[in-house]
**Q** 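Just dropping this structure here.
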Amino acid sequence: MLTLHHDPGQPRYARCWPFLLAALLFFISPAAFAVTGEIDLTTSAIGYFAVVIFVLAYALVMAEEKIHMRKSKPVLVAAGIIWGLIGWVYVQNGMSDTSEYAFRVTLLEFTELMLFLLVAMTYINAMEERRVFDALRSWMLRKGFNYRTLFWLTGGLAFILSPIADNLTTALLMCAVITKVAEGDKRFINLACINIVVAANAGGAFSPFGDITTLMVWQAGLIQFQEFFILFIPSLVNFLIPAAVMSLFIKDQKPSSVYEDVQLKRGARRIIALFLLTIVTAVLCHTLLHLPPVLGMMTGLGYLQFFGYYLRQSLPRSLERKRERYSRLGDNKKLEQLGGVVPFDVFNRVARAEWDTLLFFYGVVMCVGGLGFMGYLGLLSEALYTGWDATWANIALGVVSAVVDNIPVMFAVLTMEPDMSHGHWLLITLTAGVGGSLLSIGSAAGVAVMGQARGAYTFIGHLRWSPVILLGYIASIAVHLWLNADSFNVFG
């Protein structure tokens, strides 16, 4: 999904992106979640105006670093204008029920995504409040890891964990560790976050639970659960190539952070266990009950609320025991610290979620959904799968997903249902999953990490390394075409 900026010192090729973005969105904006409307507005003044509004909103998002405007503001207004135009046209034609239904469908899809992300962010914030990441940072400092080791360690963990915990959650976890360990070193944080986003997206591409796009393909019954693992080696190549290049530019030094003895707050380990239980619940809701994973995530939020209630109710008794123990030991420093203990509050953690990012998701999904309802999905289908070979169309869509976001791109492909071989469905699963890494705005993981590491990991900071990431993208596709050649005909 999105966030962008401009730096006077950026490479010349980066300055072309706003114009390329405008051209891409004008000609091939895919529908997000809504179906195509009954009135074709793609060649009307209203349709052109809606695209212009969308491009202007993107331009303001790109300028976030310079104008210091939150990225959610322009897309929220753009979404209102686009759907307002649609509503006006359909009211004039006596078809208001059609546009209302389309809006509700798009909103429902966003709501599922938002609630899923909100629970993940709440758990991340709860673990941060319980000092889990401070403790992990302290452990890394005690081990004496240098920047290069930290770079590979967090990237490797992101690749390994994302197939289980999904790429967004994994990226947030690893980003929290990096920003704690290398606090203040923006250059290293930027490189490490790029590596984490690429690794998380690559790891998520070979698992139904690693990315929302893979989940969509699995739910559609196009690829069986075990068949996703065919993409393991191409995904690994996608991660390793840019990581190997970027690691050469990391200084061989250790974090300047001063070592401190970090004690986990009461309940920290149990919150980690509840988070894992929440993920398992979400998985079981989908696999056993065939219900949306968000049901399991929201149930997991209930787990955390019940545990928060227990922590609050048992806090006085816990404090009293600690006072007695520290008094016997004569530890006045820890006795003083007990006076500053604040009861755990789940809703405090909910309030600290990255709301700018969540509202930004809303704006983007609704904008693209509106453009799709106007008829741009039909144009995309005709331009790609009728005029192009399916292999090149899927490769191109992977690149487009870096601009528009991989979720609406994959939804567009599933809605179009092109007649493709099994190998081609695996290919679009791969390209939509890892193509989003080309830009920081191309995946939920990238957008969320930008919110968490604001000021250190930026659109332009990621863009400078896009050519290297593109090498990994091309190599992963080549490996898939070579290893899995039997599953489809490359030329047909």
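Everything quoted here is computed from the prediction, not taken from an experiment.
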**Q** Hey, is E129 close enough to R349 for a salt bridge, meaning N to O under 4.0 Å?
**A**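 Judged by the 4.0 Å cut-off on N to carboxylate O distance, E129 and R349 do not form a salt bridge.
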
**Q** I'd like to check the ring-ring contact (aromatic ring centres under 6.0 Å, His included) partners of F151; sequence neighbours left out, ordered by chain and number.
**A**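 ring-ring contact (aromatic ring centres under 6.0 Å, His included) check on F151 returns nothing, list empty.
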
**Q** Dump the intermediate steps for side-chain hydrogen bond (donor to acceptor under 3.5 Å, both in side chains) on T281 and Y303, then the final yes or no.
**A** CA-CA 11 Å; T281 305; Y303 302 158; 3.1 Å; yes

**Q** Determine whether I474 and I477 make a side-chain contact, defined as any pair of heavy atoms from C-beta on separated by less than 4.5 Å.
**A**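 No, too far: nothing below the 4.5 Å cut-off.
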
**Q** Set out, in order, the CA-CA distance, both residues' side-chain angles and the distance that settles side-chain contact (heavy atoms from CB on, under 4.5 Å) for L236 and F232, then state yes or no.
**A** CA-CA 6 Å; L236 183 62; F232 172 76; 4.3 Å; yes

**Q** Nearest 0.5 Å, what's the CD1-OG1 distance between I178 and T154?
**A**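 Between I178 CD1 and T154 OG1, I get 4.0 Å after rounding to 0.5 Å.
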
**Q** Under the salt bridge (charged side-chain N to carboxylate O under 4.0 Å, His left out) rule, what pairs show up with a residue in residues 118-128, not counting sequence neighbours?
**A**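 Passing the test, one end in residues 118-128: E128-K180.
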
**Q** Does the side chain of F188 reach to within under 4.5 Å of the side chain of K251, using non-hydrogen atoms?
**A**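 Side chain of F188 against side chain of K251, heavy atoms only: no contact under 4.5 Å found.
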
**Q** Do I194 and I469 have side chains that get closer than 4.5 Å, going by heavy atoms?
**A**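 In short, these two side chains touch, coming nearer than 4.5 Å.
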
**Q** Using every non-hydrogen atom in the two residues, find where I82 and G370 come nearest and quote the distance to one decimal.
**A**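 Reported closest heavy-atom pair: CG2-CA, 4.0 Å.
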
**Q** Where is the tightest heavy-atom contact between H480 and G423, given as atom of each residue plus distance?
**A**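 Heavy atoms only, the tightest pair is NE2-O, 3.3 Å.
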
**Q** Using ring centroids (six-membered ring only for Trp), state whether F360 and W355 fall under 6.0 Å.
**A**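 W355 vs F360: aromatic centres not under 6.0 Å.
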
**Q** Would you say that more than 12 heavy atoms from the other residues, nucleotides or ligands in this model lie under 6.0 Å from the CD1 of I233, or not?
**A**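 Counting other residues, nucleotides and ligands, CD1 of I233 stays at 12 neighbours or fewer.
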
**Q** Show your reasoning for whether side-chain contact (heavy atoms from CB on, under 4.5 Å) applies to M121 and L358.
**A** CA-CA 10 Å; M121 289 178 175; L358 293 174; 4.2 Å; yes

**Q** Can you check whether A200's main-chain N or O pairs, donor with acceptor, with T170's side chain at less than 3.5 Å?
**A**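 Not at all, since once roles are kept as given, no pair shorter than 3.5 Å links the two residues.
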
**Q** Does the side chain of T122 come under 3.5 Å of the side chain of N125 through a donor N or O and an acceptor N or O?
**A**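 No, because no side-chain N or O of T122 sits under 3.5 Å from a partner of the opposite role on N125.
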
**Q** Heavy atoms only: give me the nearest V198-P242 pair and the separation to one decimal.
**A**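 So the two residues come closest at CG1-CG, 4.1 Å.
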
**Q** On a heavy-atom basis, which atom in N201 and which in G436 lie closest, and how many Å separate them?
**A**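 That would be ND2-C, 4.3 Å.
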
**Q** Checking side-chain contact (heavy atoms from CB on, under 4.5 Å) for the pair H424/T391: CA distance, chi angles, key distance, verdict?
**A** CA-CA 6 Å; H424 284 118; T391 300; 2.8 Å; yes

**Q** What are the two closest non-hydrogen atoms of Y457 and V197, and how far apart are they?
**A**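 Between these two residues, the closest heavy atoms are OH-CG2, 3.7 Å.
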
**Q** According to side-chain contact (heavy atoms from CB on, under 4.5 Å), who are the partners of A475, at least two apart in sequence or on a separate chain?
**A**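 If we apply the side-chain contact (heavy atoms from CB on, under 4.5 Å) test to A475, skipping adjacent residues, the hits are V237, I241.
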
**Q** On the 0 to 90° scale, with breaks at 30° and 60°, tag the F206-F159 ring pair as parallel, tilted or perpendicular.
**A**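 Because their plane-to-plane angle lies in the 30° to 60° range, the rings of F206 and F159 count as tilted.
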
**Q** As a quick check of understanding, evaluate ring pair (Phe, Tyr, Trp, His ring centres under 6.0 Å) for W152 and Y147, giving each step before the final call.
**A** CA-CA 9 Å; W152 282 106; Y147 276 157; over 10 Å; no

**Q** I'd like to know if the side chain of T431 pairs up with that of N394 as donor and acceptor (distance under 3.5 Å, no hydrogens or angles considered).
**A**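 No, because no side-chain N or O of T431 sits under 3.5 Å from a partner of the opposite role on N394.
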
**Q** Do M127 and L173 have side-chain heavy atoms sitting under 4.5 Å apart?
**A**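 Yes, close enough: below the 4.5 Å cut-off.
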
**Q** Any donor-acceptor pair under 3.5 Å linking the side-chain atoms of Y123 with those of T278?
**A**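 Checked: T278/Y123 side chains pair up, N/O donor to acceptor below 3.5 Å.
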
**Q** I'd like to know whether CZ of R270 has more than 12 heavy-atom contacts from other residues, nucleotides or ligands below 6.0 angstrom.
**A**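 Yes, CZ of R270 has more than 12 neighbouring heavy atoms, counting only those of other groups under 6.0 Å.
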
**Q** Would a 4.5 Å heavy-atom cut-off, applied to side chains only, mark V132 and K265 as touching?
**A**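 Answer no - side chains too far apart.
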
**Q** Is there a side-chain contact between V51 and F54, using heavy atoms and a 4.5 Å cut-off?
**A**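 No, their side chains stay 4.5 Å or more apart.
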
**Q** Does a side-chain heavy-atom distance below 4.5 Å link F275 with L304?
**A**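 Sidechains of L304 and F275: no contact.
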
**Q** For a quick test of reading the model, state the closest non-hydrogen atom pair linking R130 to L311 and the distance between them.
**A**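 In this case the closest contact between R130 and L311 is NH1-CD1, 4.2 Å.
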
**Q** Give, for atom CD1 of I279 and atom CG of L274, the distance between the pair rounded to the nearest 0.5 Å.
**A**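 Answer for the CD1-CG pair, I279 versus L274, is 11.5 Å.
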
**Q** Distance check, rounded to the nearest 0.5 Å: L76 atom CG versus R70 atom CZ?
**A**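 Answer for the CG-CZ pair, L76 versus R70, is 12.5 Å.
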
**Q** Rounded to the nearest 0.5 Å, what's the gap from CG on D185 to OG1 on T179? Could you check?
**A**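 Between D185 CG and T179 OG1, I get 12.0 Å after rounding to 0.5 Å.
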
**Q** Do S207 and F228 touch side chain to side chain, with heavy atoms closer than 4.5 Å?
**A**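 S207 does not reach F228 side chain to side chain.
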
**Q** Apply side-chain contact (heavy atoms from CB on, under 4.5 Å) to M246 and W465, showing your working.
**A** CA-CA 8 Å; M246 288 190 290; W465 294 95; 3.6 Å; yes

**Q** Drop me the distance from N146's CG to T149's OG1, to the nearest 0.5 angstrom.
**A**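 Reported value, rounded in 0.5 Å steps: 3.5 Å.
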
**Q** Does N238 form a side-chain hydrogen bond (donor to acceptor under 3.5 Å, both in side chains) with S235? I'd like the steps, not just the answer.
**A** CA-CA 5 Å; N238 179 266; S235 298; over 6 Å; no

**Q** As an exercise, state the distance from OG of S476 to CG of L430, rounded to the nearest 0.5 Å.
**A**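 Output value for this atom pair is 4.5 Å.
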
**Q** Under the 3.5 angstrom rule, does the side chain of H462 hit a backbone N or O of S437 as a donor-acceptor pair?
**A**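 Yes, the answer is positive, given that a donor and an acceptor are paired below the 3.5 Å cut-off.
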
